[in-house]
K.L.:
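The structure follows.
Worth saying up front: this structure is predicted, and the values here are computed from it rather than measured.
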Amino acid sequence: MAERVPVGVLLSGRGSNMLALAEYKRREERSYDIALAASNVPDARGLVVAKRLGIPIWAESHKGLEREEFDARLDAALRAHGVEVIALAGYMRLLSPGFIEAWEGRILNIHPSLLPDYKGLDTHRRAIMAGEEYSGCSVHLVTQELDDGPVLAQARVKIRGRDTAESLAERVLAEEHRLYPEVLDLFCREVVRG
């Protein structure tokens with residue numbers, strides 16, 4: 001088996017997508033390993049999950065720091081752990097242009113809508129209010145524009161008549177947990193190690 005690509009997962013919350021990435025094909029051949037779980041929220045629940053899984057963690061609050069200064073510290077931590085690809089997993093902070101440029105083509109994000117529709121926040125409520133038949137999630141490359149990079153894969157979720165933003169979010173999240181690890185595995189296998 002080829003050497004696995006070291007991935008850094010950035011999170012700000014509970015870490016359910018990080019857990020899905022970590023658990024994917026755990027006992028089978030996959031193309032990546034999580035080398036670091038990093039957060040701008042030192043008490044994020046996802047860091048506890050990472051620690052329990054034996055994944056190294058890095059956490060520092062961004063409060064009181066300029067965006068570029070914080071991202072430089074984050075970049076140093078990622079590079080110190082040999083990270084080659086970054087997976088954003090509920091990371092609720094915009095990255096600085098310099099950070100994105102330094103990691104160009106190597107940052108993936110999972111977004112809870114069928115991009116290019118409903119970029120940004122509050123995606124489920126907006127899709128329901130617009131009368132959409134489907135919502136879903138998209139894995140895309142991160143570029144300088146918010147949620148605007150090339151889409152690598154999507155999963156559709158039917159919007160039901162009685163859906164609330166919360167009930168739809170729950171079903172979309174289940175698809176995120178299925179889709180993101182598959183796409184990251186394929187990306188690391190074909191694009192990075194190709």
K.L.:
Side-chain heavy atoms under 4.5 angstrom apart, residues restricted to Ile, Leu, Val, Met, Phe, Trp, Tyr: same cluster for Tyr32 and Leu88?
P.N.:
no

K.L.:
Do Ser138 and Gln154 meet the criterion of a side-chain donor-acceptor pair at a distance under 3.5 Å?
P.N.:
yes

K.L.:
Indicate if Phe187 and Ile34 have the same hydrophobic cluster label, given that clusters are the connected sets of ILVMFWY residues with side-chain heavy-atom separations under 4.5 angstrom.
P.N.:
yes

K.L.:
Flag yes if Leu11 and Leu74 sit in one hydrophobic cluster, no otherwise; membership is Ile, Leu, Val, Met, Phe, Trp, Tyr, and two members link when side-chain heavy atoms are under 4.5 Å apart.
P.N.:
no

K.L.:
Would you verify whether the NZ or CZ of Arg79 falls within 45 degrees of the ring axis of Trp103 while also being under 6.0 Å from that six-membered ring's centre?
P.N.:
yes

K.L.:
Quick test of your reading of the model: are Asp33 and Arg4 salt-bridged, counting only N-O distances below 4.0 Å?
P.N.:
yes

K.L.:
Take His124 and Val172, measure what side-chain contact (heavy atoms from CB on, under 4.5 Å) needs, and give me the verdict at the end.
P.N.:
CA-CA 9 Å; His124 307 300; Val172 169; 3.8 Å; yes

K.L.:
Over all heavy atoms of both residues, which pair between Thr143 and Pro150 is shortest? Give the atoms and the distance, please.
P.N.:
CG2-CD, 4.1 Å

K.L.:
So, Asp71 and Arg67, do they make that salt bridge, N to O below 4.0 Å?
P.N.:
no

K.L.:
Between Asp185 and Ser31, is a side chain to side chain donor-acceptor pair (under 3.5 Å) present by the stated rule, with each step listed?
P.N.:
CA-CA 5 Å; Asp185 189 40; Ser31 64; 2.9 Å; yes

K.L.:
Quick one: CD1 on Ile110 to CG on Leu173, what's the gap to the nearest 0.5 Å?
P.N.:
9.0 Å

K.L.:
Would you check if the side chain of Arg93 reaches a backbone N or O of Ser39 as a donor-acceptor pair within less than 3.5 Å?
P.N.:
no

K.L.:
More than 12 heavy atoms of other residues, nucleotides or ligands under 6.0 Å from NZ of Lys158: is that the case?
P.N.:
yes

K.L.:
Taking atom CD of Glu68 as the centre, does the number of heavy atoms from other residues, nucleotides or ligands within less than 6.0 Å exceed 12?
P.N.:
yes

K.L.:
How long is the straight-line distance from CD of Gln144 back to OG of Ser96, given to the nearest 0.5 Å?
P.N.:
8.5 Å

K.L.:
Hydrogens and angles aside, do Tyr118 and Glu132 bring a side-chain donor and acceptor to less than 3.5 Å of each other?
P.N.:
yes

K.L.:
NE2/His81 to CD1/Ile57 distance, rounded to the nearest 0.5 angstrom?
P.N.:
9.5 Å

K.L.:
Go through the steps to decide whether Leu36 and Leu78 satisfy the test side-chain contact (heavy atoms from CB on, under 4.5 Å), and finish with yes or no.
P.N.:
CA-CA 7 Å; Leu36 182 68; Leu78 292 164; 4.0 Å; yes

K.L.:
Within the structure provided, determine whether Arg171 and Arg160 are in side-chain contact (heavy-atom separation under 4.5 Å).
P.N.:
yes

K.L.:
Does a side chain donor of either Ser167 or Asp163 reach within less than 3.5 Å of an acceptor in the other side chain?
P.N.:
yes

K.L.:
Just so I know, are the side chains of Asp75 and Phe99 near enough to count as touching, which here means a heavy-atom distance under 4.5 Å?
P.N.:
yes

K.L.:
Answer yes if Leu65 and Trp58 sit in the same cluster of Ile, Leu, Val, Met, Phe, Trp and Tyr residues linked by side chain heavy atoms under 4.5 Å apart, and no otherwise.
P.N.:
yes

K.L.:
Determine, step by step, whether Ile100 and Val142 satisfy the side-chain contact (heavy atoms from CB on, under 4.5 Å) criterion, reporting the C-alpha distance in whole Å, the side-chain angles of both residues, the deciding distance to 0.1 Å, and the verdict.
P.N.:
CA-CA 7 Å; Ile100 293 171; Val142 173; 4.2 Å; yes

K.L.:
Are Glu182 and Arg178 close enough for a salt bridge, meaning some N to O gap below 4.0 Å?
P.N.:
yes

K.L.:
So does Glu104 have more than 12 non-hydrogen atoms from other groups sitting under 6.0 Å from CD?
P.N.:
no

K.L.:
For His177 and Ser16, which heavy atoms make the closest approach, and how far apart are they?
P.N.:
NE2-OG, 3.0 Å

K.L.:
Take a 6.0 Å sphere around CD of Glu101 and say whether it holds more than 12 heavy atoms from other residues, nucleotides or ligands.
P.N.:
no

K.L.:
Apply the test side-chain contact (heavy atoms from CB on, under 4.5 Å) to residues Val7 and Val83: give CA-CA distance (whole Å), side-chain angles for both, the deciding distance (0.1 Å), then the verdict.
P.N.:
CA-CA 5 Å; Val7 171; Val83 168; 5.8 Å; no

K.L.:
How far apart are the closest heavy atoms of Arg126 and Lys119, and which atoms are they?
P.N.:
NH1-O, 2.9 Å

K.L.:
Is the CZ atom of Arg14 crowded by more than 12 outside heavy atoms at less than 6.0 Å?
P.N.:
no

K.L.:
Would you mind telling me which of Asn109, Leu108, Val9, Leu10 makes a side-chain contact (heavy atoms from CB on, under 4.5 Å) with Ile86?
P.N.:
Leu10

K.L.:
Going by atom types only, do Ser12 and Asn40 share a side-chain donor-acceptor pair under 3.5 Å?
P.N.:
yes

K.L.:
Under a 4.0 Å threshold between the charged nitrogen and the carboxylate oxygen, would Asp122 count as salt-bridged to Arg125?
P.N.:
yes

K.L.:
Looking at Arg30 and Tyr24, what are the two nearest heavy atoms and their distance?
P.N.:
NH1-O, 2.6 Å

K.L.:
Grab the two heavy atoms, one from Ala155 and one from Leu114, that are nearest each other, plus how far apart they are.
P.N.:
O-CD2, 3.5 Å

K.L.:
To the nearest 0.5 Å, what is the distance between CG (Leu186) and CG (Leu152)?
P.N.:
9.0 Å

K.L.:
Roughly how far, to the nearest 0.5 Å, is the CD1 atom of Ile128 from the CZ atom of Arg162?
P.N.:
14.0 Å

K.L.:
Does one hydrophobic cluster hold both Leu141 and Leu115, with members joined at side-chain heavy-atom distances below 4.5 Å?
P.N.:
no

K.L.:
First locate atom CE of Met18, then atom CG of Leu53, and finally report the distance between them rounded to the nearest 0.5 Å.
P.N.:
6.0 Å

K.L.:
Does the pair Glu29/Lys25 count as a salt bridge with the N-to-O cut at 4.0 Å?
P.N.:
no

K.L.:
How about CZ on Arg45, more than 12 heavy atoms from neighbouring residues, nucleotides or ligands closer than 6.0 Å, or not?
P.N.:
no

K.L.:
Give the minimum heavy-atom separation between Ile55 and Ala22, together with the two atoms involved.
P.N.:
CD1-CB, 4.1 Å

